[in-house]
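Accompanying notes for the structure given below.
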Amino acid sequence: MKRKFWLWIGVLCCLSWEVKAQEIAHTTNDFNLMGYVKSLRYMKFEADTTIKNQRASFIEDYQLSFSDNRLLEYRLNFIGGNADRKTSYEYNNKRQLIKETITEQDGKVVSLTTYTYNNIGRLVTIKEISYPNSKGAANKVVRDELLTYNTKGLLVERSISSDNKNANKLIKYYYGPADSLISTVTTYQRNSNVDKVVYKRAFNNLVVECARYRNDKLQKKETYEWDDEARLIKKDVYRANKKILSYTYTYDEHDNILSEVAIDDKEVKTIEYYYKYEKDKFFNWTKRSVYDANDLKYTEVRTIEYFDKTHFYEDLKDANTGRILKDKE
């Protein structure tokens with residue numbers, strides 16, 4: 001079975017709504033982790049420091065904790081090496097996320113997000129409230145979303161509201177052959193703008209072009225090329241119809257990105273990142289060095305602790321049949 005390479009889908013800004021609308025990543029497999037990971041401490045810092053004195057130069061520092069059935073239990077952020085805010089996750093008996101709580105170190109609740117699902121397992125509501133336990137200010141609705149589906153179970157409408165009226169909007173989804181998403185249309189409560197995103201797909205249903213329009217005027221367009229493993233290998237970025245950047249990507253045998261290079265319309269390299277890895281016995285990377293051309297730019301370190309499980313391919317067990325699926329055919 002080919003592993004879907006969703007970690008780098010974030011670089012496809014045009015596709016973000018399509019992915020976010022359908023999936024919430026909270027399993028070890030969603031994080032592209034093999035094995036029964038118990039905890040993962042991630043640290044990213046500037047490359048001109050050493051492990052010994054890196055505290056002042058942290059760019060990001062957090063710890064993830066997973067249950068023995070591969071569900072994310074909490075994320076703990078660190079600032080200057082000291083524990084800071086903690087995000088805890090709760091699930092129903094179908095392994096669906098139902099509650100996300102952010103707390104300060106003193107236990108004060110910063111925000112609370114709840115999720116509900118329909119009888120076929122589709123996400124139907126998301127509600128985020130900030131400072132629900134605050135005594136000094138009223139609760140604030142940050143996000144209140146309602147998702148509507150058609151008889152095929154396809155998302156057709158997403159209504160987003162909050163106490164900030166400027167953020168309120170309605171997104172409608174439209175489908176084509178093989179029930180593939182071909183466009184979204186977004187309207188806003190506080191202005192008359194209409195945003196439209198149009199997708200073109202290849203025979204294998206992968207998106208090969210994504211165009212953004214505002215009030216019927218083309219704003220931005222991206223085109224994509226994929227390899228046989230469904231990994232992005234090329235992305236061209238256009239401002240309206242003028243190509244301004246062209247990205248190429250390469251990967252290792254475990255789907256980790258090895259290079260990201262971009263050239264502008266004058267064939268000048270504007271981005272040239274290369275990645276080197278150290279990995280453990282489960283092929284999870286424990287150190288990633290990021291080079292800007294020939295210069296080491298960032299170092300990322302992951303300390304991973306595992307549960308004592310025999311078969312790490314259980315991570316890829318098919319949810320419907322229970323069969324254990326191999327990583328590659």
Side-chain angles (χ1 to χ4, degrees), residues 1-6 9-10 12-27 29-30 70-71 89-100 113-129 141-162 167-189 192-216 222 224 226 230 316-323 325:
M1 178 182 177
K2 297 174 181 177
R3 260 195 289 175
K4 292 182 179 179
F5 192 74
W6 292 117
I9 213 73
L12 312 179
C13 62
C14 282
L15 302 185
S16 59
W17 276 114
E18 179 183 4
V19 176
K20 183 180 177 184
Q22 297 296 337
E23 295 187 21
I24 301 170
H26 283 94
T27 72
N29 198 43
D30 294 331
R70 304 178 300 283
L71 291 174
Y89 304 90
E90 298 179 33
Y91 304 85
N92 60 21
N93 57 10
K94 297 180 179 179
R95 297 169 60 88
Q96 296 166 321
L97 179 68
I98 57 174
K99 186 184 291 186
E100 183 177 334
T113 306
T114 54
Y115 305 84
T116 65
Y117 304 83
N118 61 19
N119 57 0
I120 60 172
R122 298 290 193 272
L123 178 66
V124 292
T125 68
I126 304 173
K127 189 164 187 177
E128 180 182 355
I129 301 175
V141 178
V142 177
R143 184 171 44 141
D144 194 356
E145 301 191 21
L146 176 64
L147 294 84
T148 305
Y149 301 84
N150 62 17
T151 55
K152 293 183 177 181
L154 299 172
L155 177 66
V156 294
E157 190 172 284
R158 187 178 187 131
S159 173
I160 303 173
S161 61
S162 69
N168 295 352
K169 58 187 175 182
L170 178 68
I171 307 171
K172 293 187 177 181
Y173 299 78
Y174 300 91
Y175 299 86
D179 294 332
S180 59
L181 182 67
I182 57 173
S183 66
T184 65
V185 176
T186 304
T187 54
Y188 301 87
Q189 179 177 325
S192 59
N193 289 327
V194 177
D195 290 335
K196 185 176 183 179
V197 181
V198 178
Y199 305 94
K200 293 182 180 179
R201 297 175 183 269
F203 70 93
N204 57 5
N205 208 32
L206 289 173
V207 174
V208 294
E209 182 180 297
C210 175
R212 285 185 176 274
Y213 297 83
R214 169 155 287 187
N215 302 326
D216 293 325
E222 295 180 354
Y224 314 107
W226 311 82
L316 301 178
K317 179 179 286 188
D318 183 84
N320 296 318
T321 68
R323 292 186 303 109
L325 304 174

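All figures in this text were calculated on a predicted structure; none of them were measured in a lab.
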Check [X] against [Y] and note the closest heavy-atom contact, atom names and distance.
{"X": "Glu209", "Y": "Tyr224", "answer": "N-CD1, 4.1 Å"}
{"X": "Cys210", "Y": "Tyr199", "answer": "SG-CE2, 3.9 Å"}
{"X": "Val207", "Y": "Trp226", "answer": "O-NE1, 2.7 Å"}
{"X": "Leu97", "Y": "Glu90", "answer": "CD1-O, 3.4 Å"}

Show your working on side chain to side chain contact (heavy atoms under 4.5 Å, CB included) between Arg143 and Ile129 and close with a plain yes or no.
CA-CA 7 Å; Arg143 184 171 44 141; Ile129 301 175; over 6 Å; no

Would you mind reporting whether [Y] and [X] have side-chain heavy atoms less than 4.5 Å apart?
{"X": "Thr116", "Y": "Ile98", "answer": "no"}
{"X": "Asn193", "Y": "Arg214", "answer": "yes"}
{"X": "Ile182", "Y": "Val198", "answer": "no"}
{"X": "Val142", "Y": "Ser162", "answer": "no"}
{"X": "Thr148", "Y": "Leu155", "answer": "no"}
{"X": "Leu147", "Y": "Glu157", "answer": "no"}
{"X": "Tyr149", "Y": "Val124", "answer": "yes"}
{"X": "Lys172", "Y": "Thr184", "answer": "no"}

At what distance, to the nearest 0.5 angstrom, does [atom1] of [X] lie from [atom2] of [Y]?
{"X": "Thr186", "Y": "Arg212", "atom1": "OG1", "atom2": "CZ", "answer": "8.0 Å"}
{"X": "Ser183", "Y": "Tyr175", "atom1": "OG", "atom2": "OH", "answer": "9.5 Å"}
{"X": "Ser180", "Y": "Leu206", "atom1": "OG", "atom2": "CG", "answer": "11.0 Å"}

Does the pair Tyr174 and Leu181 meet the rule for a side chain to side chain contact (heavy atoms under 4.5 Å, CB included), with working shown?
CA-CA 6 Å; Tyr174 300 91; Leu181 182 67; 5.8 Å; no

Classify the angle between the aromatic ring planes of Tyr91 and His26 as parallel (below 30°), tilted (30 to 60°) or perpendicular (above 60°).
perpendicular

Kindly say whether Gly153 contributes a backbone atom to a donor-acceptor pair with the side chain of Arg122 at under 3.5 angstrom?
yes

Test item: Gln96 side-chain N/O and Gly121 main-chain N/O as donor-acceptor pair under 3.5 Å:
yes

Step-by-step side chain to side chain donor-acceptor pair (under 3.5 Å) determination, Tyr115 to Glu100:
CA-CA 9 Å; Tyr115 305 84; Glu100 183 177 334; 2.8 Å; yes

Counting only heavy atoms from other residues, nucleotides and ligands, does the tally under 6.0 Å from CG of Asn215 exceed 12?
yes

Assess the residue pair Tyr117 and Asn92 against the criterion (side chain to side chain donor-acceptor pair (under 3.5 Å)); give the C-alpha distance rounded to whole Å, side-chain angles, the decisive distance to 0.1 Å, and a yes or no.
CA-CA 10 Å; Tyr117 304 83; Asn92 60 21; over 6 Å; no

Is there a salt bridge (charged side-chain N to carboxylate O under 4.0 Å, His left out) between Lys127 and Glu145? Walk through the geometry before answering.
CA-CA 6 Å; Lys127 189 164 187 177; Glu145 301 191 21; over 6 Å; no

Yes or no on side chain to side chain contact (heavy atoms under 4.5 Å, CB included) for Tyr89 and Lys99, after CA distance, side-chain angles and deciding distance?
CA-CA 6 Å; Tyr89 304 90; Lys99 186 184 291 186; over 6 Å; no

Contacts of type salt bridge (Lys or Arg N to Asp or Glu O under 4.0 Å), residue Lys152, not counting sequence neighbours:
Asp179

Exactly one of Asn168, Val141, Leu146 should register a side-chain contact (heavy atoms from CB on, under 4.5 Å) with Ser161. Which one does?
Asn168

Is there a donor in the side chain of Tyr188 and an acceptor in the side chain of Asp195, or the other way round, less than 3.5 Å apart?
yes

